[in-house]
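This report refers to the structure that appears directly beneath it.
Quick note on labels: first sequence line is chain A, next is B, and so on, each numbered from 1.
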Amino acid sequence: MTSVAGDTAIRLADAVVALGGFPALAGASMSVERGELVALRGANGTGKSTLLRLCAGLVPLARGGATVLGVDLADDRVAVRQLVGLLGHRNGLYAELTCRENVAFTAQLVGASPNDVDDALQRLGIDARVAVTRAGALSAGQRRRTALASLIVRRAQLWLLDEPHAGLDTAARNELDVILRDATRSGATVLYTTHEVDRAGLATPRTVTLSGGCVTSDVSSKFGVAQ
Amino acid sequence: MKDLGFILASWLITLGSIGMLAVVTTRQARRLSTRVPDDVKPWV
Amino acid sequence: MTVSSTGTPTTRVIGGLALLITGWVVVSAFFITPADSVQGDSVRIMYAHVPTAWIAYLAFVTTAIASGFSVARRHRTLGFDRVAGASAEVGVLFMAMTLITGSLWGRLTWGTFWQWDPRLTTTLFLFVTYVGYLAVRRIDTDPRQRASRSSVIALLAVLEIPLVHFSVVLWRSLHQEASVLNTDGDVRLDGLMLFTLFSGVVAFTLIFVWLVIHRQRLTTLSDLERVVGLDAAITARRAENSAGVTA
Amino acid sequence: MNTIVAVAKKDLRIEWRTRTLLARVVPFALLVLVLFAVALDSEALLLRAAAGLVWMAMLFSTMLVVQRAFDIETSDAAMDSLLACTAQPSRVFYGKALSLFVQLFALAAVLVTAAVVLYGASVNGNRVVLLVTVVVTATGGLATVGTLYGAVVANMTGRDSLLPLLALPVLAPLLIAASRATEAAFGSQTIDLANGWAWVGVLVVYAIVFGSAGAAAFSPLTESDS
């Protein structure tokens with residue numbers, strides 16, 4: 001899928017998002033090119049999740065400008081929904097369906113093949129036993145992996161991941177890093193939040209730090225950022 | 001006048017509720033107006 | 001100095017005129033017009049009831065049209081949505097008054113407070129539908145979201161009401177019951193009675209316009225208050241942020 | 001088409017595993033019928049009211065089924081991903097309506113049987129055709145309106161009390177038409193068979209109107225706000 005937006009995936013200009021009168025984003029500005037892998041850092045309550053939800057078209061823009069994949073969010077935030085894959089706090093799974101059924105449902109909707117489902121499950125280390133377990137009975141980490149598998153199957157242009165590493169074991173975290181880099185190599189843009197300094201630094205060429213609902217630092221490095 | 005009670009009741013209900021809505025509206029307006037600066041009010 | 005009301009010279013003129021004409025209608029209804037040959041004195045309720053009902057229907061037509069415009073403009077201008085909401089608020093009140101005064105009149109004329117005739121039944125459903133519409137509007141959310149949601153409800157009501165009316169008409173037509181009294185309120189009126197009724201319609205239309213103008217300005221105020229509050233909150237959050245960095 | 005079937009199958013599979021309909025809604029609807037019988041306390045009156053009571057019970061049960069159908073979507077924010085995966089939200093609407101239709105149809109079958117058993121209503125000969133048509137068209141209307149207003153309240157606070165307030169007035173024409181037509185099918189003295197079929201016409205128009213309106217309105221309704 002091509003877009004008229006050129007090379008910019010996300011452009012925020014003093015973006016403000018109000019949640020019940022509270023400015024969760026209080027004028028954030030940043031720009032992300034297509035194919036970039038960007039980590040969003042910041043303490044709890046600095047607006048990381050809100051920034052992701054804004055980019056996914058789930059919350060209205062109150063002030064400023066926001067363009068995601070060529071879609072002006074102030075004008076039509078629903079249009080961006082289809083281009084973006086969001087993994088939020090909640091996994092978006094059906095508790096009564098098995099892990100595999102959840103991923104297969106996504107595959108059916110986007111027209112992916114059953115092979116894609118198997119590949120995605122395998123990449124996230126979901127074995128046959130877990131695959132046939134109801135999502136409601138899985139552990140938090142396994143549910144997270146299932147949601148990630150759904151995301152892989154979707155092949156979205158922009159990946160927005162809220163704390164994707166949380167709840168995963170070391171092997172899965174490393175595999176996730178590989179998956180994210182593969183995604184950017186195939187042209188997708190990845191934006192994920194984390195509050196782990198080392199992971200943000202080592203795995204990611206660019207780290208954007210949020211504080212008080214604003215972008216306070218933006219560091220790019222090929223070698224990672226020394227803290 | 002026959003059925004004066006019914007007729008009076010109808011008129012009182014009608015004019016009373018309109019009056020009440022008008023009073024509530026103006027009071028609310030007075031309360032809210034002070035919290036918003038004049039230069040953004042489109043009718044000022 | 002802040003202007004401490006939503007009034008303007010125009011609304012004051014409208015309000016004054018409305019009061020004046022309403023005064024005349026009351027005087028005429030009680031003391032000048034004669035009793036009706038069929039209905040007797042209960043016709044005096046009609047001078048309040050008919051204009052009220054007229055305004056109630058006018059209000060819902062206004063809401064429907066304003067909602068349609070709001071959708072057509074894709075809720076970019078919230079003015080239409082505010083008018084739709086204000087009109088529905090006024091309409092629900094007038095609809096309640098219509099139902100009450102109507103049943104008082106019905107008690108005198110038909111001998112019953114309520115009859116399941118199509119007009120009454122449709123009016124009742126119209127009332128309940130717009131109570132629901134107002135309930136949706138009251139949910140605290142972003143104004144544009146409010147506009148988008150409530151316009152859908154208002155436009156669905158436009159579909160619903162003819163269906164309700166049609167099915168009630170069909171339903172009642174199957175019951176061949178004689179009316180208690182063969183009148184449905186459309187009485188023959190002499191010149192003065194007609195003029196009083198007409199004055200009532202004019203007066204209540206002015207009242208409606210006055211109320212809608214003021215109430216949509218109230219919505220504007222509370223939307224603006226949100227904006228002003230957000231400005232303050234953004235400044236506060238940014239200040240807290242820079243304070244945190246220097247500390 | 002694919003999306004419609006996928007969504008409907010997903011909903012029905014979840015329903016089959018939780019058996020909410022069987023375990024809660026069907027008992028509730030039967031209970032309503034029994035309580036009506038106790039309240040009316042007259043067999044002649046019950047027989048006369050049977051059709052209306054069946055559809056009243058259907059309306060109340062629809063509220064439960066619709067709430068359940070959207071709880072599935074909102075409890076883990078699955079609706080957001082679902083809508084993100086489809087180009088046409090109207091297909092999600094039809095998918096959810098289809099699954100509601102299947103569930104409500106099964107419920108209607110149970111309730112009509114219950115009316116025959118409990119209230120002494122009788123259906124015979126060519127009246128069966130009318131009855132089946134009424135149940136199909138009325139259930140179609142219930143499913144589309146239910147899905148539409150379920151979506152309206154899905155991301156609102158206090159939706160449990162809001163759904164009946166919004167949906168029941170809209171369902172009034174359906175209640176009137178379905179009750180009268182079912183009355184005709186039950187062999188009532190007041191309504192003949194031809195009139196029964198006229199009411200079916202109303203039900204068809206109703207289902208088509210809200211089926212298309214729902215599909216058109218579904219997309220703006222699903223914008224979440226927090």
Side-chain angles (χ1 to χ4, degrees), chain C residues 60 67-68 70-72 74-75 81 92 95 116 118 121-177, chain D residues 52 141 144-145 148-149 151-159 161-181 183-184 188 190-192 195-196 198-199 201-203 205-214 216-226:
Chain C
F60 295 135
S67 299
S70 192
V71 170
R74 297 185 49 217
H75 315 296
D81 172 65
V92 162
M95 193 61 84
W116 289 102
T121 312
T122 306
T123 307
L124 188 62
F125 277 108
L126 195 57
F127 176 68
V128 180
T129 302
Y130 280 91
V131 168
Y133 170 83
L134 290 184
V136 169
R137 290 192 69 88
R138 262 200 299 279
I139 293 169
D140 185 44
T141 182
D142 169 61
R144 206 169 147 184
Q145 176 99 35
R146 176 193 67 205
S148 147
R149 267 178 191 168
S150 53
S151 63
V152 172
I153 308 277
L155 293 179
L156 285 174
V158 174
L159 288 181
E160 170 209 340
I161 295 305
L163 278 168
V164 169
H165 189 74
F166 176 70
S167 55
V168 176
V169 168
L170 198 58
W171 169 39
R172 295 319 295 179
S173 70
L174 299 175
H175 292 245
Q176 273 86 34
E177 290 163 7
Chain D
T144 50
V145 172
L148 176 55
Y149 282 86
V152 169
V153 299
N155 45 32
M156 289 184 191
T157 42
R159 60 181 146 160
S161 50
L162 208 50
L163 178 65
L165 176 63
L166 294 177
L168 289 179
V170 179
L171 287 170
L174 183 137
L175 177 68
I176 296 172
S179 302
R180 295 295 83 75
E183 231 171 81
S188 131
T190 47
I191 298 172
D192 59 21
N195 262 320
W199 282 112
V202 176
L203 288 171
V205 170
Y206 185 90
I208 291 173
V209 165
F210 281 99
S212 13
F218 196 66
S219 178
L221 287 175
T222 50
E223 288 176 28
S224 55
D225 63 338
S226 55

Can you see which heavy atom on [X] is nearest to which on [Y], and at what distance?
X	Y	value
C:A135	D:L162	CB-CD1, 3.6 Å
C:Y133	D:L166	N-CD2, 4.2 Å
D:W199	C:W171	CH2-N, 3.6 Å

Open item on the list: Working to the nearest 0.5 angstrom, can you tell me the gap between C:T129 OG1 and D:L168 CG?
Closed with: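 Nearest 0.5 Å value for the OG1-CG distance: 10.5 Å.
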
Open item on the list: Can you tell me how far apart OG (C:S167) and CG (D:L174) are? Round to the nearest 0.5 Å.
Closed with: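 Result: 9.5 Å between the selected atoms.
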
Task: C:F125 side chain reached by D:V170 side chain, heavy atoms, under 4.5 Å - done: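 No, their side chains stay 4.5 Å or more apart.
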
- [ ] For C:L156 and D:Y149, run side-chain contact (heavy atoms from CB on, under 4.5 Å): C-alpha distance rounded to whole Å, both residues' side-chain angles, the deciding distance at 0.1 Å, then the answer.
- [x] CA-CA 10 Å; C:L156 285 174; D:Y149 282 86; 3.4 Å; yes

Task: Partner set under salt bridge (charged side-chain N to carboxylate O under 4.0 Å, His left out) for D:E183, not counting sequence neighbours - done: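 Partners of D:E183 by the salt bridge (charged side-chain N to carboxylate O under 4.0 Å, His left out) criterion, ordered by chain and then number, come out as D:R48, D:R180.
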
TODO: Heavy-atom distances under 4.5 Å only: say whether C:V152 touches chain D with side chain, backbone, both or neither.
DONE: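 The side chain, not the backbone.
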
Task: Residue part contacting chain C, namely of D:L148, when any heavy atom lies under 4.5 Å - done: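 Side chain only.
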
- [ ] Under 4.5 Å heavy-atom distance to chain C, tell me which part of D:V202 shows up: side chain, backbone, both or neither.
- [x]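 Side chain only.
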
Task: Under the side-chain contact (heavy atoms from CB on, under 4.5 Å) test, residues paired with C:V128 that sit two or more places apart - done: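 For C:V128, the residues satisfying side-chain contact (heavy atoms from CB on, under 4.5 Å) (neighbours in sequence not counted) are D:L165, D:P169.
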
